[in-house]
Every structure is written in C-alpha cells, then in structure tokens.
Visitor: 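I'd like to ask some things about the structure below.
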Amino acid sequence: MSGVIVTNPPKADPKDVEALAGFGVATVSEAMGRTGLLGPDIRPVQQGVRVAGTAVTVLSWPGDNLMIHAAVEQCGEGDILVVTTTSPCTDGLFGELFATALQQRGVRGVVLSTGIRDTQELRDMGFAAWSRAVSSQGTVKATGGSVNVPIAIDGQMIRPGDVILADDDGVVVVPRERARETVERSEAREAKEAATRAAFLDGQLGLDRYGLRDTLERLGVEYKTYEEYAGDAGERS
C-alpha cells in the first residue's frame with residue numbers, strides 16, 4: 001500500500017474550536033441535525049474529560065503503526081490525532097510513548113477506530129484518548145499509508161482540519177466550514193434547554209411542555225385506573 005503525507009491542510013478557526021469545547025458532544029450533534037457522531041463503541045479511556053481540536057488524520061494498515069510515527073511530525077498545538085485502518089483492527093496501535101511525543105507538541109488527544117494500550121499511563125499523564133478497543137497486542141512498522149487525507153470512521157467522513165469534539169458521551173466531527181454555524185446553533189440549543197430545565201424545576205411535565213398528550217391520544221394510548229386495568233386483564237385471562 002502506497003500513500004501520501006499532506007502538509008499544512010486548511011483548519012477550522014481556533015476561536016470556533018474553543019467555543020465548541022464549551023458544549024457537550026450530544027449538544028453539538030443535535031445542533032447539526034443529529035449528525036456527525038462516531039459509533040457508540042468508540043469510548044474514552046478516562047472519565048470527566050472533554051477536548052476539542054482540529055483533526056490530523058491517519059490511514060494505516062491493520063496491525064501497523066508506521067503512519068502514526070509519520071503523523072506526529074504533522075501535529076501541532078490544538079490538534080487531535082484521528083487514526084483508522086484500511087480494514088477492522090483492534091491491535092494496540094497507540095500507547096504512552098506516542099502520547100508523550102504528541103503532548104510535547106501541544107496535541108489535545110487521540111481518537112482511534114482501533115485498539116489502544118498503556119491506558120493507566122495515559123490517564124496518569126493527562127492525555128485524553130478514545131478508542132474502539134483496549135489491547136496490549138503489539139504492532140509492526142512496515143506498510144505505507146497516508147496522513148492528512150479524508151478518512152471514514154463509522155460512516156462519518158473526517159477531513160484534516162475538521163473539528164473533533166470528544167467527551168464521556170463519545171466523539172463528534174464538525175466539518176470545518178460548519179464550525180461557526182454549529183457554535184451558534186449549539187448556543188441556541190443550550191438556551192432552549194436552560195429554559196426547559198427551569199420549567200421542570202418549577203414542576204412542569206415534559207408531556208405538557210412538549211405537547212405530548214395529543215401524541216399519546218393520536219397513538220391510541222389510554223389512561224385507566226388500576227381497577228379498570230385489572231378488570232380488563234381478568235376478562236382476557
């Protein structure tokens with residue numbers, strides 16, 4: 001497999017990246033019309049951490065981390081490394097030594113569709129990581145691949161310079177051209193949720209706030225007393 005290493009790709013505006021870091025993954029995905037989410041099996045190795053950064057993408061051969069070494073050179077302040085392989089792989093392509101090199105360059109975290117290892121060391125050093133698997137299985141450095149090209153993870157295209165937002169709920173990708181729009185939509189959504197939260201604290205029910213009583217009626221859902229329900233059940237037995 002041959003490949004290419006692309007240098008200096010366009011990136012989302014750092015101000016928009018920082019603004020997106022203030023929102024949760026769920027909020028941002030909803031703000032984009034419930035799009036952009038990577039699969040639910042890509043999980044954090046730590047808890048209570050949220051990061052946002054611009055993607056440096058890696059396409060590697062399964063069981064081979066040569067291109068991660070090549071990608072380190074292309075990473076800088078505010079980036080997040082995003083790694084996938086040409087076919088499914090759960091080997092531990094990434095560990096503490098990679099994290100040390102990336103942290104020194106200002107990288108905020110890593111997202112892998114593969115396996116990761118040295119998870120305790122990563123937590124101890126405060127390097128954020130999300131992966132599909134945890135595996136001690138080692139790798140080789142023998143096959144070419146690509147850096148900073150469009151890749152796909154769980155049906156989501158990720159281009160270099162797109163915004164990656166990750167927290168305890170998962171990972172979402174925001175196309176770099178939509179970063180500012182998504183910030184504004186996320187702000188609006190948070191304001192709406194704040195109003196709903198206040199209403200719930202005041203005792204209002206979701207059935208009434210969202211107009212769901214009509215929906216229940218339209219779907220044929222009935223209210224019955226326990227006696228009515230028990231009598232109906234006796235007739236059916």
Side-chain angles (χ1 to χ4, degrees), residues 12 16-53 55 80 82 84 88 109 111-113 128-134 151-159 162-237:
D16 294 334
V17 177
E18 292 306 312
L20 285 168
F23 305 106
V25 165
T27 294
V28 170
S29 176
E30 293 279 359
M32 292 196 299
R34 298 181 181 175
T35 63
L37 287 174
L38 275 57
D41 54 343
I42 295 184
R43 304 298 303 143
V45 303
Q46 67 285 310
Q47 291 291 305
V49 174
R50 178 188 298 159
V51 297
I80 292 179
V82 186
T84 192
V111 175
L112 305 102
S113 70
W130 287 254
S131 69
R132 195 182 303 280
V134 173
I151 61 174
I153 298 178
D154 297 335
Q156 299 296 334
M157 178 179 288
I158 303 169
R159 302 166 305 162
D162 285 346
V163 183
I164 301 295
L165 175 67
D167 62 18
D168 288 347
D169 291 337
V171 181
V172 66
V173 54
V174 180
R176 56 181 181 260
E177 301 91 344
R178 295 188 61 189
R180 170 45 36 189
E181 167 200 350
T182 303
V183 169
E184 294 169 355
R185 289 178 178 271
S186 297
E187 289 172 343
R189 181 170 181 83
E190 283 216 333
K192 181 180 178 180
E193 288 185 348
T196 299
R197 187 177 301 108
F200 286 172
L201 287 171
D202 198 41
Q204 186 177 19
L205 296 175
L207 285 173
D208 299 312
R209 186 165 184 83
Y210 300 136
L212 297 177
R213 296 191 187 277
D214 290 341
T215 301
L216 291 176
E217 183 178 356
R218 176 172 54 81
L219 294 173
V221 179
E222 299 178 305
Y223 283 86
K224 291 187 177 184
T225 66
Y226 176 79
E227 290 77 12
E228 291 171 333
Y229 176 74
D232 291 344
E235 293 175 2
R236 292 192 296 269
S237 62

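The chain is numbered in sequence order, starting from 1.
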Visitor: Tell me the closest heavy-atom pair linking Asp162 and Arg176, and the distance in Å.
Guide: OD1-N, 2.9 Å

Visitor: Would you name the heavy atoms of Val171 and Ala166 that are closest together and state the gap between them?
Guide: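 It is CG2-CB, 3.8 Å.
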
Visitor: Report yes or no: does Arg185 contribute a side-chain atom to a donor-acceptor pair with the main-chain N or O of Glu30 at less than 3.5 Å?
Guide: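 Not a single qualifying donor-acceptor pair exists.
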
Visitor: Side chains of Pro88 and Arg132: closer than 4.5 Å at any heavy-atom pair?
Guide: no

Visitor: Which atom pair, heavy atoms only, marks the closest approach of Ala179 to Asp16?
Guide: CB-CB, 3.8 Å

Visitor: First locate atom CD of Gln204, then atom OH of Tyr210, and finally report the distance between them rounded to the nearest 0.5 Å.
Guide: 9.0 Å

Visitor: Testing the basics here: between Thr84 and Ser113, what is the closest heavy-atom pair and its distance to 0.1 Å?
Guide: OG1-OG, 2.7 Å

Visitor: Which atoms form the tightest heavy-atom contact between Leu205 and Phe200, and what is the distance?
Guide: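 Between these two residues, the closest heavy atoms are C-CE2, 4.0 Å.
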
Visitor: With a 4.5 Å cut-off on side-chain heavy atoms, are Leu165 and Val174 touching?
Guide: no

Visitor: Do Asp167 side-chain atoms and Gly24 backbone N/O form a donor-acceptor pair below 3.5 Å?
Guide: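 The answer is no, because no donor-acceptor pair under 3.5 Å joins these two groups.
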
Visitor: What's the spacing between Arg50 CZ and Phe23 CZ if we round to 0.5 Å?
Guide: 9.5 Å

Visitor: Report the distance from atom CG of Asp169 to atom OG1 of Thr27, rounding to the nearest 0.5 Å.
Guide: 9.0 Å

Visitor: Okay, side chain of Thr182, backbone of Arg178: is any donor-acceptor separation there less than 3.5 Å?
Guide: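 Yes, Thr182 side chain to Arg178 backbone: donor-acceptor pair under 3.5 Å.
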
Visitor: Under a 4.5 Å cut-off applied to non-hydrogen side-chain atoms, are Asp208 and Arg213 in contact?
Guide: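 Yes, close enough: below the 4.5 Å cut-off.
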
Visitor: Would you check, one step at a time, whether the test side chain to side chain contact (heavy atoms under 4.5 Å, CB included) holds for Leu207 with Leu216?
Guide: CA-CA 9 Å; Leu207 285 173; Leu216 291 176; 3.8 Å; yes

Visitor: Write down the atom of Gly206, the atom of Leu212, and the distance for their closest heavy-atom approach.
Guide: O-CD1, 4.0 Å

Visitor: Take Gln156 and Ile153 through the test side chain to side chain contact (heavy atoms under 4.5 Å, CB included) and record every step on the way to the result.
Guide: CA-CA 5 Å; Gln156 299 296 334; Ile153 298 178; 5.7 Å; no

Visitor: Rounded to the nearest 0.5 Å, what separation is found between the CG atom of Asp154 and the CG atom of Leu37?
Guide: 10.0 Å

Visitor: How many angstroms lie between CG in Leu20 and CZ in Arg180, if you round to the nearest 0.5 Å?
Guide: 8.0 Å

Visitor: Just list the side-chain donor-acceptor pairs under 3.5 Å for residues 192-199, sequence neighbours left out, or say none.
Guide:
| from | atom 1 | to | atom 2 | distance (Å) |
| --- | --- | --- | --- | --- |
| Glu193 | OE2 | Arg189 | NE | 3.4 |
| Thr196 | OG1 | Lys192 | O | 3.2 |
| Thr196 | OG1 | Arg209 | NE | 3.2 |

Visitor: Looking at Glu217, I'd like to know if its CD atom is crowded, meaning that more than 12 non-hydrogen atoms belonging to other residues, nucleotides or ligands lie closer than 6.0 Å.
Guide: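 Counting neighbours around CD of Glu217, 12 or fewer heavy atoms of other residues, nucleotides or ligands fall under 6.0 Å, so no.
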
